[in-house]
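Some notes on the structure that comes next.
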Amino acid sequence: MRAPRLSGVVGRLRCCGLAFAPATGERPRFALTDRGIALLARRDRASVGDARRRWSVRPLNAETPLTWRNVSGTRSRQLLRNIGHTEAVHSFIAALAVQSRSLGFEVAQLDPPHRASVFFGHDGRLHSVRPDASGILRRGATALSFLLEWERRAVRPVTMAARIAPYLRYFSSARPDDHGARPAVLVVFEDDLAATRFLRVARREIARTGIRVPLHVSHRLLLERHGPLGPAWRIPGAAETAHLFGDA
């Protein structure tokens with residue numbers, strides 16, 4: 001939907017009391033009012049009360065700013081608490097979709113976090129990897145499957161080692177090839193320093209375990225400059241950046 005048309009739709013929703021623009025930061029954001037939530041719930045024959053308890057953005061205290069601690073809906077509270085991370089992941093996926101079209105790739109599949117989780121057996125136990133998104137791109141006979149991790153909290157070597165541990169287990173199992181496409185693990189950091197530290201830790205852990213992880217690491221500035229399919233990625237042991245999908 002183009003911007004003028006979207007603006008008109010949002011304007012009509014606000015005039016009808018179905019949506020509003022909460023003051024949650026610099027960027028404009030829109031949310032459904034309780035009346036809008038009720039309309040959708042009735043349309044879907046769902047419980048209005050349950051929908052409001054999950055998605056309402058009505059403040060618990062109208063006299064204080066609207067922060068994640070002051071939102072009545074449990075799911076909305078969680079979303080608002082992680083809004084920066086969520087926006088980063090959505091921006092990555094949007095940039096990937098736009099750049100894919102310009103380079104002749106087909107976006108065959110894109111999954112959000114609740115559908116991107118992968119469960120697998122390892123040493124007789126059930127384990128999982130829970131990326132922020134996953135997807136498959138195709139161009140002719142070439143396919144790329146990926147698992148995306150947008151990382152904000154892993155800043156110490158111990159934490160970074162803990163982040164890569166599930167993927168070491170995953171790639172030591174038979175699961176990565178069960179759909180015919182071995183996924184690349186894309187890890188994005190906010191800055192180059194954290195990305196470089198993670199590459200050192202990952203290289204050490206891969207050498208220690210002998211398990212090959214198709215790891216690609218980048219940071220926000222590189223992605224903004226080159227795009228997800230551009231020369232924005234580094235792999236453990238390599239000094240130069242490279243394209244994610246070969247010489248795209």
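Along the sequence shown, residues are numbered consecutively beginning with 1.
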Which donor-acceptor pairs under 3.5 Å do side chains of residues 34-44 form with protein atoms, sequence neighbours excluded?
unit_1: Asp34; atom_1: OD1; unit_2: Ser56; atom_2: OG; d: 2.7
unit_1: Asp34; atom_1: OD2; unit_2: Arg58; atom_2: NE; d: 3.4
unit_1: Arg35; atom_1: NH1; unit_2: Cys16; atom_2: O; d: 2.9

When the side chains of residues 226-237 are checked against the rest of the protein, which donor-acceptor pairs come out under 3.5 Å, sequence neighbours left out?
unit_1: Trp233; atom_1: NE1; unit_2: Pro228; atom_2: O; d: 2.7
unit_1: Arg234; atom_1: NH1; unit_2: Thr196; atom_2: OG1; d: 3.3

Please tabulate, for side-chain N and O atoms in residues 143-151, each donor-acceptor pair with protein atoms closer than 3.5 Å (sequence neighbours left out).
unit_1: Glu149; atom_1: OE2; unit_2: Tyr167; atom_2: OH; d: 2.6
unit_1: Trp150; atom_1: NE1; unit_2: Glu190; atom_2: OE2; d: 3.0
unit_1: Glu151; atom_1: OE1; unit_2: Arg163; atom_2: NE; d: 2.9
unit_1: Glu151; atom_1: OE2; unit_2: Arg153; atom_2: N; d: 3.0
unit_1: Glu151; atom_1: OE2; unit_2: Ala154; atom_2: N; d: 3.1
unit_1: Glu151; atom_1: OE2; unit_2: Arg163; atom_2: NE; d: 3.4

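Residues Leu168 and Ile206 form a side-chain contact, since some pair of their non-hydrogen atoms from C-beta on lies under 4.5 Å apart. Here the side chains of Phe92 and Leu186 are in contact, with some heavy-atom distance below 4.5 Å.
Closest approach of Ala97 to Val107, counting heavy atoms only: CA-CG2, 4.3 Å. Among all heavy-atom pairs drawn from Leu80 and Trp68, the shortest one is CD2-N, 3.5 Å.
Side chain of Arg169 to main chain of Phe120: no donor-acceptor pair is present (N/O by atom type, distance under 3.5 Å, no hydrogens or angles). No donor-acceptor pair closer than 3.5 Å links the side chain of Asn70 to the backbone N or O of Pro59. Checking side-chain atoms of Ser76 against main-chain N and O of Val57 turns up no donor-acceptor pair under 3.5 Å.
Evaluation of the side chain to side chain contact (heavy atoms under 4.5 Å, CB included) rule for Ser102 yields Gln99 as partners, not counting sequence neighbours. Partners of Arg45 according to the salt bridge (charged side-chain N to carboxylate O under 4.0 Å, His left out) rule, which considers only residues two or more places apart in sequence or in another chain, do not exist here. Contacts of Val201 classified as side chain to side chain contact (heavy atoms under 4.5 Å, CB included), with partners at least two apart in sequence or in another chain: Pro157, Met160, Ala161, Arg204, Glu205. With sequence neighbours excluded, the residues forming a side chain to side chain contact (heavy atoms under 4.5 Å, CB included) with Arg130 are Ser117, Phe119, Ser128, listed by chain and number. For Arg53, the salt bridge (charged side-chain N to carboxylate O under 4.0 Å, His left out) partners are Asp50, not counting sequence neighbours. With sequence neighbours excluded, the residues satisfying ring pair (Phe, Tyr, Trp, His ring centres under 6.0 Å) with Phe198 are Phe189. Remark: Pro214 engages Phe171, Arg212 in a side chain to side chain contact (heavy atoms under 4.5 Å, CB included) (not counting sequence neighbours). When the salt bridge (charged side-chain N to carboxylate O under 4.0 Å, His left out) test is applied to Glu106, no partner is found at least two apart in sequence or on another chain.
Screening residues 74-83 for salt bridge (Lys or Arg N to Asp or Glu O under 4.0 Å), with sequence neighbours left out, gives no hits.
The line from OG1 of Thr86 to CG of Leu79 is 5.0 Å long, rounded to the nearest 0.5 Å. To the nearest 0.5 angstrom, Ser91 atom OG is 7.5 Å from Arg220 atom CZ.
Surrounding CZ of Arg203 are at most 12 heavy atoms belonging to other residues, nucleotides or ligands under 6.0 Å away. Arg152 CZ: more than 12 foreign heavy atoms inside a 6.0 Å radius.
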